[in-house]
There are 2 protein chains.
Amino acid sequence: MGKLDFAPIADTTRRAEIVVLLRRAILTGQLEPGQKLNELRIAEQMRVSRAPLREAMRELVQEGILTSIPYAGTFVIDVTAKDIDDAYSLNKVLDEFAIELTWRLRDRRFFDELDRRHDAVKQATRDLDTTRQIEMALQLHGLIHEWADNSVLLETWQRLASRLQMYFALHQRARKEPVPAEDIHETYVRLLKGSDMRAAQRHAREHIGLDFEELLAYARSLESKGARADRPGLPRERPGEA
Amino acid sequence: MGKLDFAPIADTTRRAEIVVLLRRAILTGQLEPGQKLNELRIAEQMRVSRAPLREAMRELVQEGILTSIPYAGTFVIDVTAKDIDDAYSLNKVLDEFAIELTWRLRDRRFFDELDRRHDAVKQATRDLDTTRQIEMALQLHGLIHEWADNSVLLETWQRLASRLQMYFALHQRARKEPVPAEDIHETYVRLLKGSDMRAAQRHAREHIGLDFEELLAYARSLESKGARADRPGLPRERPGEA
DNA sequence: ACTTGTTAGATTGTCGACAATCTGCTTGAT
DNA sequence: ATCAAGCAGATTGTCGACAATCTAACAAGT
C-alpha cells in the first residue's frame, strides 16, 4: 500500500464556519471594541439558527476577544492601554522563551518558511493591504512559537496573537496614513538565521517594542479623551468567574 | 452615600453552573482523560437540556481541558508526558515573570493572603484531603500571578493551572500512598517574604521541579505500558484549526 | 476469507418556539 | 417638576423535536 498520509478533512459544521467569520470580523476591526453582538440579527444575516451561533460565541469568549454578560449580551472586548501594555510585556517573555526553544531546532525548512512568510509581509505591504500586512507580520512572528515544539506555548501565543492583531488593526484603521513602506522585519529575519541567540532575543524585544510604543500612545490618547458615550449600556467591568 | 463597593452578583445561568460542575469533575479526575462525554446522558443527569450543556462544553474546549471532534463527540483531553513537560517548562517562565512583576507590589495584604493560603494547604494536608490539597497548593502558587497586576498573565496562568490540577489529581489518584506530610511550601513562602528576588525565582523553579519530575515519571510509565485499548474510538490526533 | 453494500441504532448538529430577564417609556401620585 | 410603579418591546436563555452523520452489525458477492 502507498505511504501517502492524508490530512484530516476540514470541519464542516456551521459552528466552525461561524467562528471563522466572527473572528475575522473582530480581528479586522469590522466589529468595533465594545460593540454588542445581536444574536438574532447576526443569525439572520448568516442564514443560521441561533444555536450554532451562540456556541461559536462561547468559543470566542473563551478565546478572549468577546466578553459575555448574562441576559445583557455579548460584546467585543474593550481595549484599554493597560491591556495592550500587559499583552506587550508578556509577549516579550514568550518571545524570549520561544527563541530559546526554537534555536536548536532551526533547519532548512525553518529558514525556508521564514523567508516565505517574510515575503508575504512584503507582498502585502506592496499591495497596500494593511489588514493583510498585519496578519502576515503576526504569522511571521508566530513561526518561532510554532517551531518551538511546545503545544502549551503555541496555544498561549495564538491567544495572544488574536488580541495583538485586533489592537494593531484598530490602530491602523485609526490613523489615516498609509502603511510604512520600509521593511522593518529585515533585521529580525537575519538575526534568526544567525548564530547569536542572545542578539536575536534582544532584537525581538526592541523590534516589537517600537510598534507597541506607538500603539500604546494611541490607546492612551483614546482614553484621555474620556469614555465614549455613543454606545449605551457598555460594560465597565466584566463579572468575575467563580 | 456609603463607600461600600459590592461584588457583582453571581451568574445565574444554567450554563455557568454546568461549567463549574463539569470542570470540577474533570479536574478531580472523576472524568478520566480520553473519556467521551455523552450529551444526552449528562443532560438527563443534570436535569438540563442539551443547549446550555453544549455551550458549556464549548467553553471547556477552549479552556483546553476538553477536545471536540465533529459528529464524533467531546472528550476529556489525553495527557501525554510531553504535554506535562511543555506545561512545566512554560510554567517556569511564567513564574519567573510573575515574581518579577509582583515583587515591588508586595505589601501587608499580600503577606497575609500568602499565609492564609499556606495555612489552607496545611489544613488540607492534615485532613488527608488530597484533592483539596492539590487545589489549595495551586491557589497558593497562583497568588503571585494574581498579584502581578497583568490580566493577560493571569488568564494564561489560570488556563495552565487547570491542566496542572488535572495532571496532579491524576497522579495522586494513581499512587495509593498517602499525601506527603511534611510542608514543602515553607521555603517558598519564606523566600517570597524576603528581600532576594533572584533567590525566590530560583527556588520557584526547583521547588516546582521536584513535583513535576515525579509526575513526569508517572506519565512516561503509563505511555511505555502501551496505548490503552479499553476505550474504543479514541482520537489519536485532534484536527487542526483553520 | 475478504471485501463491499446495506441497514438499524445511537449520537451529534441544527432548528424554531417558548420562558426568563432586561431596558426604556409611560402613567400617575405627590 | 420629580420620582416610583408598572407596562410593552426587545433580547437572551432554555427547551423539545428534527435532520445529518457516524458506528457497528449483517448480508451478499467475489
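Protein chains get the first letters and strands the later ones, always in sequence-line order, with residue 1 at the start of each.
Between the C1' atom of D:dC18 and the CG atom of B:Leu40 lies a distance of 14 Å, rounded to the nearest Å. Between B:Arg50 atom CZ and D:dG13 atom P there is a gap of 19 Å when expressed in whole angstrom units. Rounded to whole Å, the distance from CG on B:Leu53 to P on C:dG13 is 11 Å. When the C1' atom of C:dG13 is taken as reference, atom CD1 of B:Ile69 falls 15 Å away, rounded to whole Å.
Counting all heavy atoms, side chain and backbone alike, A:Ser151 lies closest to B:Asp83 at OG-OD1, 3.6 Å.
B:Leu37 comes within 4.0 angstrom of the backbone, heavy atoms only, and of no base. Within the 4.0 angstrom heavy-atom criterion, only backbone atoms of the sugar-phosphate kind lie near B:Arg15; the bases stay farther away.
Between C:dT12, D:dT12, D:dT14, one nucleotide has an atom nearer to the side chain of A:Asn38 than all others, and that is D:dT12. For B:Glu39, counting side-chain heavy atoms from C-beta on, the closest listed nucleotide (C:dG13, D:dG13, C:dC15) is C:dG13. Closest to the side chain of B:Pro52, out of C:dT11, D:dT14, D:dG13, is D:dT14. Distance from the side chain of B:Lys36 is smallest to C:dT12 among D:dG13, C:dT12, C:dG13.
Proximity of a side-chain donor or acceptor of A:Asp127 to a complementary backbone N or O of A:Asp129 within less than 3.5 Å is not detected.
Considering only side-chain N and O atoms, B:Arg14 lies under 4.0 angstrom from the phosphate OP1 or OP2 of D:dC15. Close to D:dC15, at under 4.0 Å from its OP1 or OP2, lies a side-chain N or O of B:Ser49. Side-chain nitrogen and oxygen atoms of B:Arg54 include at least one within less than 4.0 Å of the OP1 or OP2 phosphate oxygen of C:dG13. Dashed line: the shortest gap from a side-chain N or O of A:Arg58 to OP1 or OP2 of D:dG13 is under 4.0 Å. Look at B:Arg41 and you won't find any side-chain N or O under 4.0 angstrom from OP1 or OP2 of C:dT11.
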- Task: Under the salt bridge (charged side-chain N to carboxylate O under 4.0 Å, His left out) rule, what do B:Glu146 and B:Arg117 come out as? Steps first, then yes or no, please.
- Result: CA-CA 13 Å; B:Glu146 294 175 28; B:Arg117 299 192 182 192; 2.9 Å; yes
- Task: Would you please test B:Gln123 and B:Asp119 for side chain to side chain donor-acceptor pair (under 3.5 Å) and show each step?
- Result: CA-CA 6 Å; B:Gln123 182 61 46; B:Asp119 289 340; over 6 Å; no
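Nucleotides of DNA chain C nearest to A:Tyr71 and A:Arg47 differ in position, and the one nearer the 5' end is that of A:Arg47.
Ring geometry for B:His141 versus B:Trp157: interplanar angle of 30 to 60°, hence tilted.
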